[in-house]
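Since we're looking at a predicted model, the values are computed, not measured.
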Amino acid sequence: MRLEKCWFCSSTVYPGHGIQFVRNDAKIFRFCRSKCHKNFKMKRNPRKVKWTKAYRRLHGKDMTQDSTFEFERKRNRPERYDRNLAENTLKAIKKIDKIRSDRASDHIKNRLKTGKVQRQKEARKQLEQGIHLVKAPLALAQDSSLRLPKIKVNVSQAQTEENQPMEE
């Protein structure tokens, strides 16, 4: 059973599913569903469509380089059947899938760390600006550690044509 990849979204196309498009130069394009086929006919670039694997990899949302991807590559050279080799391969596939899922979860955690730090900074800033909503005004007046430091700014107004009242 041969599992193909969708040309547009890179998802798996199982036998008997999807659409095949053969161009005049005999290049075969396989699509998993009509959504991908229609986007291809509209000449859309998969790297610019947000739900495709190409977009996610290009923008750092999915892992791009990992040694476990080496096992997924298509190999066209036939191998002689060996029962022990097939058994060991099936065992290795389970281990590789676990390693890949662990690495993918680590990748997602690392991606989300930067957003978490940024959200904390924004929350701290918002809290500082709206501390009067959280604490009562009397408590702020009594405890000096809750107050923000007051900054004095000297503003000088020079009498210019812009600042003078308008005459009609």
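- Residue K48 holds its NZ atom at 12.0 Å from CZ of R44, rounded to the nearest 0.5 Å.
- Taking 4.5 Å as the limit, some side-chain heavy atom of Q129 sits within range of a side-chain heavy atom of K125.
- Using a 4.5 Å cut-off on side-chain heavy atoms (C-beta onward), F40 and M42 make no contact.
- The distance from the OH atom of Y55 to the CZ atom of R47 is 13.5 Å, given to the nearest 0.5 Å.
- With C6 as the fixed residue, the side-chain contact (heavy atoms from CB on, under 4.5 Å) test singles out one of V13, I19, T52: V13.
- A distance of 13.0 Å separates CG in D106 from CZ in R111, rounded to the nearest 0.5 Å.
- Under the 4.5 Å side-chain criterion, counting only non-hydrogen atoms from C-beta, V117 is not in contact with K113.
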Under 3.5 Å, which donor-acceptor pairs link side chains of residues 25-37 to any protein atom two or more places apart or in another chain?
from, atom 1, to, atom 2, distance (Å)
D25, OD1, R23, NE, 3.2
D25, OD1, K27, N, 3.3
D25, OD2, R23, NH2, 3.2

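- Neither I99 nor I93 shares a network with the other; the hydrophobic side chains, linked directly or stepwise wherever heavy atoms of I, L, V, M, F, W or Y lie under 4.5 Å apart, form separate groups for each.
- Note that CG of L112 is 7.5 Å distant from OG1 of T114, once rounded to the nearest 0.5 Å.
- With respect to E87 and K91, a salt bridge is recorded, a charged nitrogen being found less than 4.0 Å from a carboxylate O.
- The pair E79-R77 meets the salt-bridge criterion, since a charged nitrogen lies less than 4.0 angstrom from a carboxylate oxygen.
- The side-chain heavy atoms of L3 and P15, taken from C-beta on, include a pair separated by under 4.5 Å.
- H107 places no side-chain N or O within donor-acceptor distance of the main-chain N or O of R103, the cut-off being under 3.5 Å.
- Nearest approach of K5 to S10, heavy atoms of both residues: CD-O, 3.6 Å.
- The CD atom of Q120 lies 6.0 Å from the NZ atom of K116; values are rounded to the nearest 0.5 Å.
- Between the CH2 atom of W51 and the CZ atom of F8 there is a distance of 5.0 Å, given to the nearest 0.5 Å.
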